[in-house]
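We number each residue from 1, following the sequence as shown. Indexing begins at 1, ligand by ligand and atom by atom, following the structure's order.
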Amino acid sequence: MTDTIKIDAMTRDQAVAELARLADILARANAAYHTEDAPDISDAEYDRLKRRNAEIEAHFPDLKRGDSPSEQVGAPVADGFSKVTHAVAMLSLSNAFDDADVSEFDGRIRKYLGLGSDVALSYTAEPKIDGLSLSLRYEDGVLMQAATRGDGAVGENVTANARTIDDIPGTLEGAPAILEVRGEVYMSHPDFEALNDRQAAAGQKTFANPRNAAAGSLRQLDANITRARPLRFFAYAWGALSDPLANTQMGAIERLNTLGFQTNPLTRLCNGPEEMIRHYRLIEQERATLGYDIDGVVYKVNDLGLQSRLGFRSTTPRWAVAHKFPAELAWTRLEAIDIQVGRTGALSPVARLTPVTVGGVVVSNATLHNEDYIAGRDNKGEQIRDGKDIRVGDWVQVYRAGDVIPKVADVDLSKRPKDAEPYVMPNRCPECNSEAVREPGDAVRRCTGGLICPAQAVEKLKHFVSRTAFDIDGLGAKQVEQFHGDKWITEPADIFTLRDRYGAGLQQLKNREGWGEKSAANLFDAIDERRNIGLGRMIFALGIRHVGEAAANLLATHYGTWDAFSTAMRGAEEGNEAWEDLLSIDGVGAVMAGSLATTFNQEAEIASIDRLVAHLNIEEAARPNTSGSPVAGKTVVFTGTLEKMTRAEAKARAEALGAKVSGSVSAKTDLLVAGPGAGSKAKKAADLGIETIDEDGWLDLIGSI
Ligand code: IVH
């Protein structure tokens with residue numbers, strides 16, 4: 001027993017083990033004392049262990065744990081979790097919904113890699129666990145940090161909580177010096193039910209489903225509460241690594257299992273789409289008896305060499321896909337149709353339903369998309385639902401797939417009340433009474449009130465402060481609505497003058513209903529913290545139509561700085577150089593470009609954006625790490641046949657190395673990579689004196705990276 005070893009005589013390994021043991025006993029004792037009200041060791045013993053812990057830490061200061069008992073006074077950190085920037089981004093997965101999508105996934109990969117259908121390609125298939133992802137960082141085999149996914153780039157530090165989970169080893173033997181293990185935290189069905197029973201008995205809130213229960217439990221500020229919640233963990237991926245785990249996905253999963261992690265027992269190696277779909281059906285059959293929630297099957301290219309060639313799109317890997325289970329369905333009554341006005345002025349019909357449980361969640365609202373959808377037509381004018389329209393009073397079928405907003409899918413005409421009337425979309429904005437018009441080619445009717453429409457303004461503000469945009473702690477949708485209602489905040493720039501206007505003087509935030517000294521000070525601080533903002537978040541936060549999170553990040557990487565971006569947008573006009581440059585970004589089409597150019601050509605919009613920018617320090621976009629890249633910043637053109645990789649792969653690789661890939665040779669071209677059959681481009685490059693190399697030359701050039 002390590003307790004008997006004298007501290008002076010301890011080796012480092014013994015100290016690591018003893019600190020882990022003490023952290024565990026003391027945390028358990030805390031949990032027993034604080035949350036279960038049943039101390040399990042005497043006060044004297046508690047104090048003795050705490051002293052011993054402090055003495056070991058004094059001897060080995062560098063071994064002090066992130067969750068050291070010396071730092072814990074039994075009370076949680078008051079101000080939330082600290083942030084962790086992931087060394088390797090935590091991405092999400094693209095989806096497949098049917099068998100054809102799975103074959104297409106295989107087809108896309110073969111095309112990208114240039115593999116014929118005769119070449120064998122194997123994939124792993126495993127359940128997609130419906131929990132929340134977690135990244136565990138081990139250094140020299142010791143768990144140093146656990147972080148939630150957050151927005152993929154920055155998550156929350158939940159180390160103390162993760163240490164309470166039995167499936168997460170505190171130390172590993174024989175692991176690479178740096179190892180980030182990624183997987184899913186989840187709660188089993190029996191544990192979920194028992195937790196809800198306990199919560200109900202204690203008069204506390206119950207959880208809608210195991211996923212919410214797992215998330216709520218992991219994100220407890222007091223790790224002692226997490227400890228009392230039975231969470232589990234499946235490992236299925238990795239982030240930063242000092243040495244490879246294996247050559248294949250399957251090998252890596254087996255290695256993680258050997259290191260002490262739970263890996264899913266339904267993980268199989270499949271040779272092609274047919275076997276993948278067969279395994280999907282098997283998992284689907286077993287779904288109800290697994291004892292935990294899953295929402296699909298994840299397929300991953302088995303060969304890790306091919307995975308690295310395939311690489312990533314902006315937010316998802318090319319080498320994996322999630323084959324989702326069909327959505328869950330339920331029937332209920334449509335009580336009313338309300339109109340919500342979005343930040344771009346879109347009038348969206350929302351179904352108010354008699355509450356109904358769909359896949360474990362109570363649903364009382366669902367989207368009806370737009371007026372055509374209600375009328376039984378798609379956006380091309382073709383019939384949907386056999387042309388059946390939807391009316392207030394109807395019995396409607398609601399469906400929910402994963403986290404997405406529930407939808408009204410079908411209607412039962414046999415139950416339609418006799419007096420039900422076809423729905424007529426309003427032609428005035430219900431919020432500002434401006435005319436609501438539907439432009440040709442637009443499926444949506446939009447309020448023409450622009451900045452005068454309070455609903456548009458408030459929705460823009462909600463978007464601005466949302467989690468993937470400015471993410472200001474203490475300033476959520478509810479607060480934005482209140483501040484907007486009182487005209488304290490009418491546009492984003494006003495957020496950043498809130499302290500000047502309401503931090504002192506006659507009218508103060510701390511005196512407002514629902515606010516106090518501390519919460520007001522916290523909000524001002526949280527706002528100040530966001531005066532430094534990444535370029536991608538900034539662009540996304542503006543809420544420009546068609547510019548989602550992924551697109552905003554692409555724009556940020558392309559332009560690098562706010563000045564470069566905004567100057568280009570102000571100058572972009574269909575056909576000119578700035579416009580063509582914008583369109584050269586893979587992922588930006590004419591519709592998005594048009595929307596950007598329109599926004600940056602409206603005086604009132606620009607003035608509002610400029611007022612905002614004056615309060616900010618917009619950080620340069622993190623460019624791909626191209627240090628040492630011989631092609632960073634160069635414009636490269638590929639022509640002729642490439643034999644060792646496809647065009648798509650060559651382009652993606654070059655871009656990852658910081659090059660700009662162009663389709664045509666001009667005076668701006670720095671390098672032409674010409675395969676056999678190169679024609680006019682090679683000639684033009686020669687005429688312009690542009691360096692030209694062949695495919696092997698290109699591989700030699702970039703191969704050292
Ligand atoms: S692989 C690079 N495998 O699904 C992507 N993800 O929709 C690595 N998830 O954020 C993810 N089970 O939280 C992978 N067996 C599994 C999974 C899984 C659940 C979650 C994960 C991810 C989300 C994407």
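Listed by first then second residue, pairs satisfying side-chain hydrogen bond (donor to acceptor under 3.5 Å, both in side chains) with a partner in residues 264-279 read Asn264-Tyr292, not counting sequence neighbours.
Judged by distance alone, the side chain of Gln199 and the main-chain N or O of Lys205 form a donor-acceptor pair under 3.5 Å.
The residues lining ligand 1, counting any heavy atom closer than 4.0 Å, are Leu91, Ser92, Leu93, Glu126, Pro127, Lys128, Ile129, Ser133, Glu184, Tyr236, Val298, Lys300, Pro317.
To the nearest 0.5 Å, atom CZ of residue Arg137 and atom CE of residue Met144 are 9.0 Å apart.
Annotation for Lys83: atom NZ counts as buried by contact number, over 12 foreign heavy atoms lying within 6.0 Å.
Salt-bridge annotation for Glu459 and Lys462: present, with a side-chain N of the basic residue lying under 4.0 Å from a carboxylate O of the acidic one.
Classified by interplanar angle (parallel below 30°, tilted 30° to 60°, perpendicular above 60°), the ring pair Phe312/Trp319 is perpendicular.
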